[in-house]
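The next block holds one structure in the form of structure tokens; read it before the comments.
The figures that follow rest on heavy atoms only: side chains count, while hydrogens, waters and symmetry mates do not.
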Amino acid sequence: MADDWPQLPPVKTGLKGLCPRCGRGHLFDGYLSVKKECEVCGLDFSFADPADGPAFFVLCFTSIPAVAVACYIEVSFSPVWWVHLFTSLPLVLLSCLVPLRLLKGWLINSQYFYKAEEGKIDREFGKTSSSSLETDRN
């Protein structure tokens, strides 16, 4: 059944917040809450775990420059505190909230597209090669 669905690019579906399998259902149940399943194709979204990835990217690439601009305004112009309510606060909030949903959708869709899953340690890896060596020596 998984072969019946076309391979959709994660950027196209993820940035729009759509289902990674059908591209028609919605991924989010609110602003950042992921639905339990797609309402169109029934895909279970329990695989979706972007962890702190979206927050990390937003922090590094948008929040730090926004705070730098706020610091520049403070140092250069020394405005009264309420000026920051109309300049710095909206800048920091918008630069954090807008890309957060986009990045979370893209990362979840990428997990589905590339079939990413939690890493597992193969504890038998070293044992199988050493046991075969021991039998060859005997």
Side-chain angles (χ1 to χ4, degrees):
M1 181 172 178
D3 297 332
D4 298 341
W5 300 98
Q7 291 275 331
L8 300 173
V11 173
K12 180 182 173 187
T13 54
L15 295 180
K16 293 179 182 178
L18 299 175
C19 173
R21 182 163 66 182
C22 68
R24 293 178 302 189
H26 296 94
L27 184 63
F28 295 106
D29 194 18
Y31 188 68
L32 290 174
S33 302
V34 179
K35 288 186 172 187
K36 295 198 183 299
E37 65 181 25
C38 176
E39 69 269 10
V40 176
C41 67
L43 175 66
D44 182 22
F45 292 143
S46 63
F47 70 89
D49 182 23
D52 294 335
F56 172 77
F57 289 124
V58 167
L59 179 70
C60 288
F61 297 115
T62 62
S63 299
I64 292 174
V67 171
V69 168
C71 290
Y72 173 76
I73 291 171
E74 178 62 34
V75 170
S76 297
F77 303 109
S78 297
V80 293
W81 66 270
W82 56 267
V83 171
H84 285 292
L85 289 176
F86 298 105
T87 58
S88 304
L89 184 63
L91 176 67
V92 170
L93 286 176
L94 288 174
S95 68
C96 290
L97 294 177
V98 171
L100 193 58
R101 180 182 168 111
L102 300 173
L103 284 171
K104 187 169 184 174
W106 171 58
L107 288 174
I108 290 172
N109 277 269
S110 293
Q111 282 180 329
Y112 179 81
F113 185 80
Y114 294 109
K115 297 172 181 56
E117 57 185 32
E118 186 176 348
K120 297 178 179 105
I121 297 174
D122 185 9
R123 300 198 187 277
E124 300 298 320
F125 178 73
K127 293 179 183 177
T128 56
S129 61
S130 64
S131 64
S132 63
L133 289 175
E134 288 176 13
T135 56
D136 291 341
R137 288 182 191 168
N138 294 333

Measure the shortest side-chain to side-chain distance between [X] and [Y] over non-hydrogen atoms and say whether it is less than 4.5 angstrom.
X      : Y      : value
Leu8   : Phe113 : no
Trp106 : Pro54  : no
Leu43  : Cys22  : no
Asn109 : Leu27  : yes

Item to check | Partner set under ring-ring contact (aromatic ring centres under 6.0 Å, His included) for Phe47, not counting sequence neighbours | outcome: Tyr112
Checklist entry - Can you list every salt bridge (Lys or Arg N to Asp or Glu O under 4.0 Å) pair that touches residues 36-55, not counting sequence neighbours? => result Lys35-Glu39
Interatomic spacing from [atom1] in [X] to [atom2] in [Y] - rounded to 0.5 Å:
X      : Y      : atom1 : atom2 : result
Ile108 : Leu103 : CD1   : CG    : 11.0 Å
Arg24  : Cys41  : CZ    : SG    : 8.0 Å
Arg101 : Leu32  : CZ    : CG    : 7.5 Å
Lys115 : Ser110 : NZ    : OG    : 12.5 Å

Next on the checklist: Count I, L, V, M, F, W, Y as connected when their side-chain heavy atoms are under 4.5 Å apart, and connections chain through other members. Are Val83 and Val92 then in the same cluster?
Outcome noted: no
Item to check | Shared hydrophobic cluster for Phe56 and Leu107 (ILVMFWY, side-chain gaps under 4.5 Å) | outcome: yes
Item to check | Side-chain donor or acceptor of Thr62 paired with backbone N/O of Ser95 under 3.5 Å | outcome: yes
Next on the checklist: I'd like to know if the side chain of Arg21 reaches the main chain of Trp5, judged simply by a donor and an acceptor atom lying under 3.5 Å from each other, with no hydrogens or angles considered.
Outcome noted: no
Next on the checklist: Give me the atom names and distance for the closest heavy-atom approach of Gly105 to Phe28.
Outcome noted: N-CZ, 3.7 Å
Can you sort out the partners of [X] under side-chain contact (heavy atoms from CB on, under 4.5 Å), two or more places apart, ordered by chain and number?
X     : result
Val98 : Leu94
Trp82 : Val80, Leu85, Phe86
Ile73 : Val69, Phe77, Pro79, His84, Thr87, Ser88

Item to check | Atom OH of Tyr31: over 12 foreign heavy atoms under 6.0 Å | outcome: yes
Checklist entry - Which residues satisfy the salt bridge (Lys or Arg N to Asp or Glu O under 4.0 Å) test with Glu118, sequence neighbours excluded? => result none
